[in-house]
Chemist: 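Right, I'll just put the structure down here and ask away after.
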Amino acid sequence: MTRKSHRPTRSRHGLRGLPALLAALVSLAACATPVADTPVISLTSTPWMLVSLAGTSIDTQARPATLVLEAGNERIHGHAGCNRLSGSYALDEGQLEFSRLITTKMACAQGMEQEQAFIAALAATATYRLEQGRLTLLNADGDVLAVLMAEPSVG
């Protein structure tokens, strides 16, 4: 039985083609389609859905509370959980205040306490943070009042 040696064979051109190969790869990489960045979510005109109040998850059995801050006219609309919600907002250099909050007057079997807490959180809002598709409402002391998530399917 004869053994064959498995030594790599050398090209008679050596490494001469390597720079051209690397240049071609760099060129192809430069032409590649870039990965899409996370879309920029605006505070206004984005439908927001409540996900927590004062650090506590919301009651998923109740109708979800939603909020839209209309661009241009400083009005809000949405649902407080049971009732329709509307009012005004003022936005100035990172400060956010809600005022003239009104709701319809229906009674619901579930979610009335959560609705009242959501309205109270809106009334106490002094500032906000907007990061990674979440809107965090804060009071004047910087305490988290509510967290809402961008929801293009509501509004």
Side-chain angles (χ1 to χ4, degrees), residues 15 17-155:
L15 299 176
L18 187 59
L21 177 61
L22 289 174
L25 288 174
V26 168
S27 175
L28 284 173
C31 294
T33 304
V35 175
D37 291 331
T38 305
V40 175
I41 296 175
S42 172
L43 175 64
T44 60
S45 302
T46 298
W48 297 100
M49 185 170 70
L50 182 67
V51 293
S52 71
L53 280 166
T56 304
S57 295
I58 57 141
D59 177 4
T60 57
Q61 299 300 314
R63 182 177 181 179
T66 62
L67 182 67
V68 176
L69 287 77
E70 298 172 6
N73 66 4
E74 296 184 334
R75 301 279 309 150
I76 64 166
H77 70 273
H79 288 90
C82 175
N83 290 285
R84 289 180 177 250
L85 167 72
S86 64
S88 299
Y89 73 92
L91 183 61
D92 184 33
E93 296 181 18
Q95 303 297 308
L96 175 63
E97 293 181 2
F98 297 99
S99 61
R100 297 188 203 114
L101 300 172
I102 58 171
T103 63
T104 54
K105 300 293 181 192
M106 297 186 317
C108 294
Q110 285 185 295
M112 292 302 295
E113 287 179 26
Q114 182 172 286
E115 177 175 280
Q116 294 300 319
F118 180 52
I119 293 168
L122 292 176
T125 298
T127 188
Y128 71 98
R129 281 193 316 252
L130 186 59
E131 13 181 57
Q132 298 177 345
R134 291 188 180 259
L135 170 61
T136 303
L137 304 178
L138 308 157
N139 66 14
D141 295 329
D143 300 323
V144 174
L145 299 170
V147 177
L148 298 98
M149 186 169 70
E151 278 293 320
S153 62
V154 299

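The model shown is predicted, which means the values in this text are computed figures rather than measured ones. Residue numbers start at 1 and run along the sequence shown.
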Chemist: Side-chain donor-acceptor contacts of residues 85-97 below 3.5 Å, not counting sequence neighbours, with atom names and distances?
Modeler:
| from | atom 1 | to | atom 2 | distance (Å) |
| --- | --- | --- | --- | --- |
| Ser88 | OG | Arg75 | NH1 | 3.0 |
| Ser88 | OG | Arg100 | NH1 | 3.3 |
| Tyr89 | OH | Glu70 | O | 2.7 |

Chemist: Hey, could you give me the CG/CG distance between Leu137 and Leu67, rounded to the nearest 0.5 Å?
Modeler: 7.5 Å
Chemist: Provide the closest heavy-atom pair for Thr127 versus Asn139 in the form atom of the first, atom of the second, distance.
Modeler: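 For Thr127 and Asn139, the tightest heavy-atom pair comes out as CG2-O, 4.2 Å.
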Chemist: Considering non-hydrogen atoms only, spot the tightest contact between Ala121 and Leu53 and give its length.
Modeler: CB-CD2, 4.1 Å
Chemist: Met149 pairs by side chain to side chain contact (heavy atoms under 4.5 Å, CB included) with which of Val51, Leu50, Ile41?
Modeler: Val51
Chemist: Rounded to the nearest 0.5 Å, how far apart are NE2 of His77 and CD1 of Ile102?
Modeler: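 Separation between the atoms: 13.0 Å.
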Chemist: So, does Thr66 use its side chain to make a donor-acceptor pair with the main chain of Gly78 at under 3.5 Å?
Modeler: no
Chemist: Nearest 0.5 Å, what's the CG-CG distance between Leu130 and Leu148?
Modeler: 11.0 Å
Chemist: Could you tell me which non-hydrogen atom of Ala71 sits nearest to which non-hydrogen atom of Ser45, and how far apart they are?
Modeler: CB-OG, 3.4 Å
Chemist: side-chain contact (heavy atoms from CB on, under 4.5 Å) between Leu138 and Asp143: does it pass, once the steps are laid out?
Modeler: CA-CA 5 Å; Leu138 308 157; Asp143 300 323; over 6 Å; no
Chemist: By the disulfide (SG to SG under 2.5 Å) test, which pairs, at least two apart or in different chains, include something from residues 96-138?
Modeler: Cys82-Cys108
Chemist: Would you name the heavy atoms of Thr103 and Ala80 that are closest together and state the gap between them?
Modeler: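 Smallest heavy-atom distance, with atoms named: CG2-CB, 4.4 Å.
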Chemist: Nearest heavy-atom pair of Leu101 and Ala123: which atoms, and what distance?
Modeler: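 In terms of heavy atoms, the two residues are closest at CD1-N, 3.9 Å.
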Chemist: State the CE-CG distance between Met106 and Asn83, to the nearest 0.5 angstrom.
Modeler: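 Rounded to the nearest 0.5 Å, the CE-CG separation comes out at 5.0 Å.
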Chemist: What distance separates Met49 CE from Arg134 CZ, expressed to the nearest 0.5 Å?
Modeler: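 One finds 9.5 Å between CE of Met49 and CZ of Arg134.
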Chemist: I'd like to know whether Leu69 forms a side-chain contact (heavy atoms from CB on, under 4.5 Å) with Phe98, so could you lay out the CA-CA distance, the side-chain angles of the two residues, the decisive distance to 0.1 Å, and finally the verdict.
Modeler: CA-CA 10 Å; Leu69 287 77; Phe98 297 99; 4.2 Å; yes
Chemist: Distance from Gln110 atom CD to Met112 atom CE, nearest 0.5 Å?
Modeler: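 The CE atom of Met112 is 12.0 Å from CD of Gln110, to the nearest 0.5 Å.
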Chemist: Between the main-chain N or O of Gly81 and the side-chain N or O of Gln114, is there a donor-acceptor pair closer than 3.5 Å?
Modeler: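 No, the answer is negative, given that no donor and acceptor are paired below the 3.5 Å cut-off.
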